[in-house]
Amino acid sequence: MCGDYYYMSRYIHPKYTDGKKILELFNEYKAEKDSQNMPYEFSGVLTKLGIIQSTWDDYKDCNLNVEGITKEEIKGFKERSEAIKKIESECASSLAEWGLQNPKSQAMAMFLLKQKRNGGYTDKQEFTTTGNVQIAVKLTDEKGKTIK
């Protein structure tokens with residue numbers, strides 16, 4: 001019972017029960033950043049909302065296997081989850097645009113985009129394989145003279 005209560009108290013965080021207030025605060029945050037000509041960053045969104053990352057993740061996951069929640073709450077949780085996904089997408093695209101428009105900031109923007117929270121993008125890795133592999137072994141003694 002105690003574990004269920006802990007899980008429900010974390011998941012059904014009383015601060016935001018749907019996505020409306022989250023999107024409203026995010027739009028305020030966007031306006032602030034636009035006026036400063038800065039990108040939208042995930043950490044800034046968390047600060048604006050006044051929540052921590054684990055709460056954000058709970059909101060995003062939207063696990064509805066909790067007993068005793070109403071259909072209205074389920075609707076709010078789904079709305080909240082969609083709002084979270086939209087915000088993450090907007091933050092990643094904002095960082096990419098900002099990096100393209102600010103040549104001195106491109107390296108920082110690329111670094112931020114590689115973080116999991118901002119999309120987890122990776123550099124393209126290219127591999128060349130020939131299929132013909134040969135291994136050469138050279139044995140030498142203590143003096144450096146070839147044995148075989």
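Quantities reported herein were computed from a predicted structural model and do not represent experimental measurements. Excluded from the calculations below are hydrogen atoms, water molecules and symmetry mates; all remaining heavy atoms, backbone and side chain alike, are included.
Note on residues 43-54: pairs passing salt bridge (charged side-chain N to carboxylate O under 4.0 Å, His left out), not counting sequence neighbours, are E28-K48, E32-K48.
Under a hydrophobic-cluster definition in which Ile, Leu, Val, Met, Phe, Trp and Tyr are linked whenever side-chain heavy atoms come within less than 4.5 Å, directly or via other members, I52 and L49 are assigned to different clusters.
How far OG1 of T55 is from CD of Q53: 10.0 Å, rounded to the nearest 0.5 Å. Annotation: the span from L46 atom CG to E41 atom CD amounts to 11.5 Å, rounded to 0.5 Å. One finds the OG atom of S93 at 14.0 Å from the CH2 atom of W98 (value rounded to the nearest 0.5 Å). Atom CD1 of I84 and atom CZ of R80 lie 8.0 Å apart (nearest 0.5 Å).
Shown here are the salt bridge (Lys or Arg N to Asp or Glu O under 4.0 Å) partners of K30, two or more places apart in sequence or in another chain: E90. Shown here are the side-chain hydrogen bond (donor to acceptor under 3.5 Å, both in side chains) partners of E82, two or more places apart in sequence or in another chain: there are none. Residues satisfying the side-chain contact (heavy atoms from CB on, under 4.5 Å) test with L23, not counting sequence neighbours, are A83, K86, I87.
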Working note: C91 + F26, criterion side-chain contact (heavy atoms from CB on, under 4.5 Å); need CA distance, chi angles, decisive distance, verdict. CA-CA 10 Å; C91 286; F26 177 65; 4.2 Å; yes
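Atom CD of E72 has 12 or fewer neighbouring heavy atoms from other residues, nucleotides or ligands inside a 6.0 Å radius.
Counting only N and O atoms by type, the side chains of W56 and E88 include a donor and acceptor under 3.5 Å apart.
Shortest non-hydrogen contact noted between E79 and G19 is OE2-N, 3.2 Å. Between S94 and P39, the shortest heavy-atom distance links the atoms OG-CA, 3.3 Å.
A side-chain donor-acceptor contact under 3.5 Å links S81 to the backbone of K60.
Contact annotation: the side chain of Y40 approaches that of D34 to within less than 4.5 Å [non-hydrogen atoms, C-beta and beyond].
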